[in-house]
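What follows is a structure written as structure tokens; I'll ask about it next.
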There are 2 protein chains.
Amino acid sequence: MTSSAPQVLLVEDEPQMRRFLRVALESSGYRYLEAPTGEEGLTLAVQFRPDVILLDLGLPDMDGLDLMTRLREWSQIPVIVISARGQETDKVGALDVGADDYLTKPFGTSELLARIRVALRHAEPGAVENPLFVLGRWRVDLAKRQVLVAGQEVHLTPLEYRLFTTLIHHAGRVVTHRQLLKEVWGGVAGAQPLYLRVYMAQLRHKLEEDPSRPRYLQTEPGVGYRLRTED
Amino acid sequence: MTSSAPQVLLVEDEPQMRRFLRVALESSGYRYLEAPTGEEGLTLAVQFRPDVILLDLGLPDMDGLDLMTRLREWSQIPVIVISARGQETDKVGALDVGADDYLTKPFGTSELLARIRVALRHAEPGAVENPLFVLGRWRVDLAKRQVLVAGQEVHLTPLEYRLFTTLIHHAGRVVTHRQLLKEVWGGVAGAQPLYLRVYMAQLRHKLEEDPSRPRYLQTEPGVGYRLRTED
DNA sequence: TGAAGTCCTAACGCCTTCTTAACACCCTTC
DNA sequence: GAAGGGTGTTAAGAAGGCGTTAGGACTTCA
């Protein structure tokens, strides 16, 4: 799974259908690949590993079900069948050899796009990667809500953690006192700049190697604080 | 996830439709549950954790999309919408709030069954994952619903077990009080944080070596709980 | 009808976390 | 060199969250 826009492969022999879908998909922000025959479709699937495949069953060179079977020998890429044949036996056959959805022509663009989103959603679980923030000896797993310093877990209280992650979100930039108070204390009246000094001291004590000479949690006098990132 | 036949929950208000589908599903070997209203549907989903949900959008007591939304707050159980409304906006709406498929009435039984098989296939990756969860002296067989501590079987009540497996599903990361209450008690009004304290204490007594100093079932004060995994 | 098991609820004491205050320190400015 | 604003540090009280226990209500099964 790439970090850029999802890629859709269309396997379809009718040129006008290709043109129509290409416009629809590209204008929706997807990267687009197309193949007019089954063989080419398989080749492109191998080569580019698209995120979704749209497959017309009525191909000239090979049976759509055979293509499905050959694809499923090595890949679980979601396949949405688009076909002129609306017979129930066709649908059941395609779904049972591994297709993930079946749309009968004619169909609406928005429905197709919605079903593509469903297919992408299904593939997602494999793409669940932890957003890791690494800086020096620090290692912050935002999904786990876990902070490691030199491999050692460090416990932060809710406020400490929120203050820290707020600085991480603006890493490298100065965050003003006012903004920190708003984002951490939620704009509650009574939140004072004193709080920041206290909690910054606690964070430094827990995270910095030499709390009296902070390397990363830096003060910008009169303005706010900044999480310094290495260059 | 049980090792026996997959269980299907049908949420549908028309009695004749229920009767029809019940026959179709049971004769295909599925275990069968039904609910005539949305509220009952949610309750049964919480209680029995079916493998697939068939949802009629035209329910008398609540909007089908609301039901979808509430379900998706705590569960990824695949949902196949069956609806008399064939408008594209209906389909897109349902699919985008988390439905996995959309069938327009009238539909054929064999197509429905094929789409159920697709839905079950999608859920599989989660079940293909080692049904054995091992951590320290613990050994949890999610299929058998069996918990061993140092080789000795330990009996957990249904709620204890559900709380425990919820933490296992999110192993390593903090699960908030709210999320635990939702996933274990099903978002039923009245579920209080107090429940969590009581049941966490019971789990620790049954599972931890030194319940007063839990090694794995850890508290994140002010946030939630976390099943600590070794690195 | 009793017994066992489970779930909910209340009460109490402990512990973490938050808040607040007091004071020391640095730097700039006069 | 003194004054003053901004900042760092520490500690202690207050508030709230948490763990624990026990008892009652409810269901299930014999």
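Throughout, protein chains are lettered first and strands after them, A, B, ... in sequence-line order, and every chain is numbered starting at 1.
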Nearest-Å distance, CZ (B:R204) to P (D:dT20)? 7 Å

A correct 5'-to-3' footprint of nucleotides 21-30 of chain D, with B, S and - meaning base, sugar-phosphate only and no protein heavy atom under 4.0 Å, is B---------

Picking from C:dA10, C:dC18, D:dT9, the nucleotide nearest the side-chain atoms of B:L194 would be C:dA10

Short side-chain N/O contact to C:dT9 OP1/OP2 from B:Y195, under 4.0 Å: yes

Enclosure of B:R145 CZ (heavy-atom neighbours >12, cutoff 6.0 Å): yes

Quick check: closest heavy atoms across A:L95 and B:A114, and the distance to 0.1 Å?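 Heavy atoms only, the tightest pair is CD1-CB, 3.8 Å.
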
Mind telling me whether A:W185 and A:Y195 have parallel, tilted or perpendicular rings, with 30° and 60° as the class edges? tilted

Ignoring backbone atoms, establish whether B:Y225 has a side-chain N or O less than 4.0 Å from OP1 or OP2 of D:dC18. no

Where the side chain of B:L159 is defined as all heavy atoms beyond and including C-beta, which of C:dC18, C:dT6, C:dC8 is the nearest nucleotide?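 Nearest nucleotide to the side chain: C:dC8.
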
Check the distance between C:dC8's P and B:E160's CD and give it to me in whole angstrom.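 In whole Å, C:dC8 P lies 11 Å from B:E160 CD.
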
Run the side chain to side chain contact (heavy atoms under 4.5 Å, CB included) test on B:L156 and B:L203 for me, step by step, so that the C-alpha distance in whole Å, both residues' side-chain angles and the decisive distance to 0.1 Å come before the verdict. CA-CA 8 Å; B:L156 299 184; B:L203 275 184; 4.1 Å; yes

Whole-Å distance between D:dC18 P and B:R226 CZ?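 Nearest whole value for this atom pair: 15 Å.
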
Quick check on C:dC8: is either OP1 or OP2 less than 4.0 Å from any side-chain nitrogen or oxygen of B:W185?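 Affirmative; the distance criterion is met.
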
Position toward the 5' end of DNA chain C (nearest nucleotide), B:P221 or B:L156: B:L156

Could you check A:R115, A:E111, A:R117 and say which one makes a side-chain contact (heavy atoms from CB on, under 4.5 Å) with A:L113?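 The passing option is A:R117.
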
Whole-Å gap separating C1' (C:dT19) and CG (A:L181): 14 Å

Stepwise side chain to side chain contact (heavy atoms under 4.5 Å, CB included) check, B:D100 with A:H122: CA-CA 9 Å; B:D100 296 86; A:H122 281 146; 2.6 Å; yes

Should we count CZ of A:R139 as having more than 12 external heavy atoms under 6.0 Å? no

Please list residues of residues 211-219 of chain B whose heavy atoms come under 4.0 Å from any atom in DNA chain C, ordered by number; otherwise none. none

Got a sec, which residues hit ring pair (Phe, Tyr, Trp, His ring centres under 6.0 Å) with A:Y30, two or more places apart in sequence or on another chain? none

Nearest-Å distance, CG (B:L196) to P (D:dG19)?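 My rounded result for the distance is 10 Å.
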
Looking at D:dC18, I'd like to know if its phosphate oxygens (OP1 or OP2) sit under 4.0 Å from a side-chain N or O belonging to B:H177. yes

A:L207 has an atom CG; how far is it from atom C1' of D:dG8, in whole Å?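 My rounded result for the distance is 16 Å.
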
Are A:T219 and A:R204 linked by a side-chain donor-acceptor pair shorter than 3.5 Å? yes

Nearest whole angstrom, please: distance from the P of D:dG8 to the CG of A:L203. 12 Å

Nucleotide nearest A:H155 when distance is taken to its side chain, options C:dC18, D:dT7, C:dT17: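 In terms of side-chain proximity for A:H155, the closest of C:dC18, D:dT7, C:dT17 is C:dT17.
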
Can you tell me if B:R197 touches the phosphate of D:dG17, counting only side-chain N or O atoms and a distance under 4.0 Å to OP1 or OP2? no

List the steps, then state whether side chain to side chain contact (heavy atoms under 4.5 Å, CB included) holds for A:Y216 with A:L227. CA-CA 5 Å; A:Y216 300 110; A:L227 181 65; 4.0 Å; yes

Taking CD from B:E220 and C1' from D:dG17, how many angstroms apart are they, rounded to a whole number? 14 Å

